[in-house]
Amino acid sequence: MTEQFELFPAAPALAPSPAAPTLVPSPVPALAPPPPIAARFEPAASLNQPQSEAVRHVDGPLIVFAGAGSGKTRVITYRIANLVMSEGVRPWTILAVTFTNKAAGEMRARLESLLGAERTKQLWIGTFHAVCIRFLRQHHAHAGLGKSFVIYDDADQKAVMKRVLKDLGLDEKRLVPQQVLARIHREKQEARGPDAFSVDGPLDGVILRCYKEYEQRLRAANAVDFEDILLHVLRLVEDEQSAEGRELCARFEHVLVDEFQDTNLVQYRLVRALSRARRNLCVVGDDDQSIYRWRGADIRNIRGFRSDYPDARLIKLEENYRSSANIVKAALGVIRPSRERQPKELFTLNAAGAEVLIVHTATERDEAATVVDGLRRKLDEGASPRELAVFYRVHAQSRVLEEALRGEGLPYQIVGGLRFFDRAEVKDLLAYLRLVENPASDVDLLRIINVPPRKIGDVTIERLIDVAGHERISAVTAIPKLCESGTVNAGARRALTAFAELFASLTAAKETAGPRELAERILDDSGYATWLRAQDSVEGDARLDNLREFLGSLDEYEEEALSGGMTPTLTDYLARITLASDTDTLSEVARIPMMTVHAAKGLEFEAVWMTGLEEGLFPLMREDQSEDDQVEEERRLAYVAITRAKVELTMTYAATRTIYGRMRYNAPSRFLFDLPTDTQRRTATEACLDLSRSYGSPSSERPFRASTFGERAPSRSAFGNGERPVARAPGRGAPSQTSPRAAPLGVARPAPRAVGERFVERDLDGVHDSDAGVVLGSRVRHKKFGPGVVVELGGGADPTVTVKFPGWGVKQIKLSFLTPG
DNA sequence: TTGCCACAAATTTTT
DNA sequence: TTTGTGGCAA
């Protein structure tokens with residue numbers, strides 16, 4: 001089963017260390033001799049025609065539309081190998097930018113086997129952020145930054161913004177820090193500083209003030225946020241006056257950008273500038289897989305590339321080697337309704353393979369049990385856990401799935417979610433470390449000045465900030481001043497002095513101790529470890545464990561740095577982990593990966609379970625944006641998810657889903673209707689059938705049942721062939737895919753049953769809409785309020801829905817008071 | 001100043 | 001549902 005779709009022998013498994021993902025190589029030795037020009041580079045595996053062209057086109061701009069599973073990574077790595085081996089391009093003049101650290105690590109691993117470790121080390125490979133950090137460390141002065149500037153992550157940024165709002169006397173209720181930040185980030189992603197901020201909306205004036213203040217505070221703290229990392233470098237390379245900037249732009253003979261559809265304006269301008277000397281810019285991407293618009297990615301970069309580079313060579317990779325024909329067809333069915341696409345058509349020569357399985361389930365628990373059954377079946381067939389994957393749209397869905405897997409004793413790993421480095425105790429320790437490294441960082445001081453509790457209260461802290469603000473000094477240096485000023489009482493003064501002494505001793509220790517030793521001293525001397533131990537609780541112990549793990553990651557980092565011939569420094573380590581994500585650290589351990597669809601980008605699995613295929617959840621809907629734009633991106637997201645699967649794909653949805661304590665009735669996702677009928681097989685679980693029976697037959701006179709789907713779903717309804725549902729007797733009609741085999745019991749299930757019984761092959765007509773004919777967006781009518789639109793679906797025996805009535809506002813109404821409108 | 005309690009809110013995706 | 005926040009008493 002596996003070989004059929006195997007592209008090429010698996011790349012040697014290079015385990016990136018969990019804490020410190022591989023970044024870009026060590027600085028290039030200026031005197032490195034040019035590599036010997038080897039015999040013309042011939043890739044071991046054969047390339048198809050377009051792939052080969054993309055590898056060998058070496059002069060001038062190039063854009064490659066690489067469909068899902070079309071061998072994109074192979075093209076990029078071979079292209080680089082070809083440049084170095086056949087064209088004699090010096091490795092350190094090649095810059096390859098990827099989207100994730102993981103992708104960079106994989107590319108590096110593959111190149112090592114093609115080029116050898118030495119030459120690979122000299123290449124510039126990394127994410128935009130990783131690469132720009134390196135530039136920025138070199139040219140920090142141009143950006144007005146100190147040498148050991150720190151990177152503020154989301155939480156830090158939020159803390160800064162909270163203070164800004166407070167100090168500007170703004171009401172936190174009216175102006176949410178996160179929203180102000182979101183707006184500012186949008187500005188920054190489009191390379192607009194406060195001076196270019198256009199004041200249009202009513203709140204814009206205030207936001208501009210916040211923006212200015214925020215920027216100023218970051219600068220004062222010698223800190224940058226994620227956008228700054230790129231912006232500072234952009235300013236440098238676009239500065240014609242700067243010799244450093246000109247040098248940077250002249251330095252690269254070839255620039256390659258992977259996942260180009262997900263670049264934002266700043267990133268695009270960056271690569272334009274960095275490649276302007278030779279114009280050897282190669283961008284690779286797929287507009288159908290653009291899923292990061294919400295964080296500034298501009299799909300026009302890829303769609304409009306040729307208007308900026310009219311002479312660019314355009315190559316399309318349209319043959320999919322990864323997935324079965326049925327899966328490719330399903331993916332095409334989902335993406336085809338998309339409005340604006342670059343013309344291209346994915347195809348495959350692979351066998352049809354199994355049909356895409358669609359399972360209708362009763363509840364999210366039932367759904368989870370279904371997934372568990374499927375997973376177990378694959379494992380019994382001999383699949384390795386790492387070849388399987390469970391996807392969901394939002395993290396909130398993961399808990400129920402986790403419980404189900406744990407209940408059945410299946411090993412799993414959540415990818416993404418709460419990052420290890422986001423845990424409170426780890427962040428505390430990090431704050432100490434960063435403060436020692438960079439005493440100007442006030443957010444870090446405020447985070448830990450009273451952690452563990454050392455009797456420095458809010459009042460004292462406020463005074464401290466006042467003093468710091470007045471004197472225009474950092475909060476740390478303000479501590480002695482505050483003590484001298486006599487405005488605080490003796491107790492507070494003692495506490496402050498003790499803290500200042502602690503800080504001084506740690507600063508002194510930094511001179512001699514490495515990062516690891518320093519971290520340990522912090523835990524001991526600050527009383528943090530003692531404090532946790534004294535709590536004597538499960539949580540406290542878990543936190544101690546996490547901190548131990550953190551120390552372990554420091555060990556690993558030090559080891560790695562030393563073996564690479566570099567001195568481990570705190571600055572370097574801190575930058576690494578701020579830019580690391582858990583997706584980078586998908587471990588080699590045999591566990592079933594579970595992740596959001598976003599986290600799945602760029603990965604592939606033998607068998608995939610997509611869950612929560614329901615209107616409102618996938619596609620996920622927010623009210624504040626136009627629906628069309630949202631659905632377009634959700635559609636691409638579904639396309640990405642489907643194309644991750646090589647051999648088997650299962651999609652599930654639940655008739656009722658309890659999320660955030662509220663039960664909701666969801667209609668099946670519109671994407672299910674877009675799947676070609678001849679590539680799919682539909683089933684429902686026993687529980688689901690019970691549910692539909694208890695709600696009466698599909699022909700009951702509940703309002704809306706017939707009309708609603710007609711409204712939303714395409715006329716080519718995949719479900720509506722008019723056949724009445726017929727449940728087969730348990731045990732008899734088990735679909736061929738489910739092996740008749742006893743499954744262990746979860747607590748929720750009453751009695752042992754054969755796995756096959758869960759699935760009853762049948763047509764779903766009527767099941768999905770018999771209970772809640774209303775879908776999100778359904779038009780309804782109320783006697784008093786007139787016509788309205790359903791914005792939320794409620795549950796219960798007498799279902800209640802939330803309806804927006806023009807002129808009346810949003811009301812919660814029992815379904816029985818509404819008629820179709 | 002701390003720690004507890006009650007209440008409210010907010011729930012996407014991440015370098 | 002969980003998580004965070006604010007007020008209050010000790």
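Worth saying up front: this structure is predicted, and the values here are computed from it rather than measured. First the proteins, then the strands, lettered A, B, ... as listed; each starts at 1. Computation of the quantities below employed the complete heavy-atom set of this structure, encompassing side-chain atoms and omitting hydrogens, waters and symmetry-equivalent molecules.
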*Tell me what A:D154 touches on the nucleic acid: a base, only sugar-phosphate, or nothing, going by heavy atoms under 4.0 Å.*
base
_Partner of A:R192 under salt bridge (Lys or Arg N to Asp or Glu O under 4.0 Å), chosen from A:E187, A:E215, A:E227_ = A:E187
*Measure from the side chain of A:R393, starting at C-beta and using heavy atoms only, and say which of B:dT15, B:dT13, C:dT5 lies closest.*
B:dT13
*Rounded to the Å, how far apart are A:K601 NZ and B:dT14 P?*
11 Å
*Within this structure, what is the CZ-to-C1' distance between A:R635 and B:dT13, rounded to whole angstrom?*
18 Å
*asked:* Quick one about A:T652 and A:E367 (side-chain donor to acceptor, distance below 3.5 Å, no hydrogens or angles considered), yes or no?
replied: yes
*First of A:I291 and A:A492 reached from the 5' end of DNA chain B, by closest nucleotide*: A:A492
*Give A:T460 one of three labels, base, sugar-phosphate or nothing, depending on what nucleic acid heavy atoms sit under 4.0 Å from its own.*
sugar-phosphate
*Output yes when at least one side-chain N/O atom of A:N264 is less than 4.0 Å from OP1 or OP2 of B:dT15, else no.*
no
*What integer distance in Å separates A:Q178:CD from B:dA9:C1'?*
13 Å
*Tell me what A:F128 touches on the nucleic acid: a base, only sugar-phosphate, or nothing, going by heavy atoms under 4.0 Å.*
nothing
*At under 4.0 Å between heavy atoms, what does A:V459 touch on the DNA or RNA strands: base, sugar-phosphate, or nothing?*
sugar-phosphate
*Please report, rounded to the nearest Å, how far the P atom of B:dT13 is from the CD atom of A:Q397.*
10 Å
*When you measure from the side chain of A:E633 to the backbone N and O of A:R293, does any donor-acceptor pair fall under 3.5 Å?*
yes
_Which nucleotide wins on minimum distance to the side chain of A:W294, given the candidates B:dT15, C:dT5, B:dT13?_
B:dT13
*Consider the side chain of A:P453, meaning its heavy atoms from C-beta on, and name the nucleotide among B:dT2, B:dT13, B:dT15 that approaches it most closely.*
B:dT2
*Return the value, rounded to whole Å, for the distance between atom CG of A:D258 and atom C1' of B:dT15.*
15 Å
*asked:* Using the side chain to side chain contact (heavy atoms under 4.5 Å, CB included) criterion, which residues pair with A:V467? Sequence neighbours excluded.
replied: A:E471, A:A478, A:K481, A:L482
*A:L620 has an atom CG; how far is it from atom C1' of B:dT11, in whole Å?*
11 Å
*Measure from OH on A:Y639 to C1' on B:dT13 and round the result to the nearest Å.*
20 Å
*Nearest-nucleotide pick for A:K162, side chain only, options being B:dT14, C:dT5, B:dT15*: C:dT5
*asked:* Is it the case that atom CD in A:Q178 sees more than 12 heavy atoms from other parts of the structure closer than 6.0 Å?
replied: no
*Could you give the CG-to-P distance, from A:L265 to B:dT15, as a whole number of Å?*
21 Å
*Does B:dT14 have OP1 or OP2 sitting under 4.0 Å from an N or O in the side chain of A:T596?*
yes
*A:K455 side chain, from C-beta outward: closest of B:dT2, B:dT14, C:dT5*: B:dT2
*Looking across every strand, which nucleic acid part, if any, lies under 4.0 Å from A:R399 by heavy atom: base, sugar-phosphate, or nothing?*
sugar-phosphate
*Taking only residues two or more places apart in sequence or in another chain, which ones pass side chain to side chain donor-acceptor pair (under 3.5 Å) with A:K427?*
A:D153
